[in-house]
A.B. asks: 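Pasting a structure below so you can have a look.
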Amino acid sequence: MGKLYGVIGDPIAHSLSPAMHNDAFSSLGINAHYQAFHVNRENLPAAIKGMKAIGVAGFNVTIPHKTAIIPLLDEVDPLATAIGAVNTVVNINGRFIGYNTDGEGFIRGLHEEYGQPVLDKRILIIGAGGAARAIYYTFGQQGAKQVDIANRTPDNALQLKESCPYLVETAAFTMEEAERNLANYDIIIQTTSIGMSPKVNASPLQLTNIRSDAFLSDIIYNPAETFIMKEAKKHGARVQNGMKMFAYQGALAFEKWTGTYADPKRMMKIVQERLGG
Ligand code: ATR
């Protein structure tokens, strides 16, 4: 009998994870199946109990359960505990262990596209929500030198900065301040939902002062080229979208489940095909 993996979330119907992971299982000759499960907030505790009872081998967790799942797990790894969010659960001898591969997935994808080490660069994160938190803490854990945060609500940026358990030089800015200081940054990371389909003609920053040798990474992958990416390109900057982050967080989850590193390029191709690009 093959092993069962999956993803829980609400909404979940359009998740690209089943296509990505099922392709990885079959291409690596692993007898397993990955299934999307629609679980609403109210049913989360029952769903976790049920998944344990039927011996689900591992699963991903997405909106809105990444934080709510923590007290329902048997153990949570230190980085995921600090982030306060779990996106990957592994069943080890009947115990559910939680991890977060979002930040590491992001940094691997960034490093690959950027083409040189990123930890000593001057980095600006736009946004202070869940995704920003995973990326910021993982940068901190990996020893990044300077990662500043700009956010619409400055208090949220300050809170993120002050709650980080890892040593990292950080300033928290308003969007206006960030706009003025943009020329200071080698890498700018867009983590808000601004520009996501269907409201594609929106951008959190104007980018007037972005440098032509800067790199802009947007974690959005639908649309494949966001408004802010287009603007950055007009200034000569290099850009990337969120597809690599998505593929790498998946490849890292897959490795935790199976001990095998799935090919992220193949995973990305599946995502690209599904998005029609
Ligand atoms: P996620 O978990 O996907 O990161 P989130 O936790 O809801 O999403 O975080 C959303 C982020 O996008 C926040 O930084 C939010 O800014 P605030 O802290 O001021 O709320 C930012 N954001 C969302 N909509 C925005 C908008 N219209 N303009 C500026 N920032 C916005």
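What's counted below: heavy atoms across the whole structure, side chains too, no hydrogens, waters or symmetry copies. Counting starts at 1 for both ligands and their atoms, in listed order.
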A.B. asks: When you check the side-chain N and O atoms of Asp10 and Asn40, is any donor under 3.5 Å from an acceptor?
C.D. replies: no
A.B. asks: Kindly give the cluster partners of Tyr261, where membership spreads through any ILVMFWY side chain lying under 4.5 Å from a current member.
C.D. replies: Tyr248, Leu252
A.B. asks: Could you check whether Glu113 pairs with Arg238 (Lys NZ or Arg NE/NH1/NH2 to Asp/Glu carboxylate O, under 4.0 Å)?
C.D. replies: no
A.B. asks: For ligand 1, list every N/O pair with the protein closer than 3.5 Å, one pair per line with the distance.
C.D. replies:
unit_1, atom_1, unit_2, atom_2, d
ligand 1, 2 (O), Gly130, N, 3.2
ligand 1, 4 (O), Gly130, N, 3.1
ligand 1, 4 (O), Ala131, N, 3.0
ligand 1, 6 (O), Gly130, N, 3.2
ligand 1, 14 (O), Ala128, N, 2.8
ligand 1, 14 (O), Asn151, OD1, 2.7
ligand 1, 16 (O), Asn151, OD1, 3.3
ligand 1, 18 (O), Asn151, ND2, 2.7
ligand 1, 18 (O), Asn156, ND2, 2.8
ligand 1, 19 (O), Arg152, NE, 3.0
ligand 1, 19 (O), Thr153, N, 3.0
ligand 1, 19 (O), Thr153, OG1, 2.5
ligand 1, 20 (O), Arg152, NH2, 2.9
ligand 1, 27 (N), Arg152, NH1, 3.4

A.B. asks: Using 0.5 Å steps for rounding, measure from the CD1 atom of Ile219 to the OG atom of Ser193.
C.D. replies: 9.0 Å
A.B. asks: So, Thr138 and Glu104: side-chain donor and acceptor under 3.5 Å apart, yes or no?
C.D. replies: no
A.B. asks: Between Thr170 and Asp148, do the side chains contain an N or O donor and an N or O acceptor separated by less than 3.5 Å?
C.D. replies: no
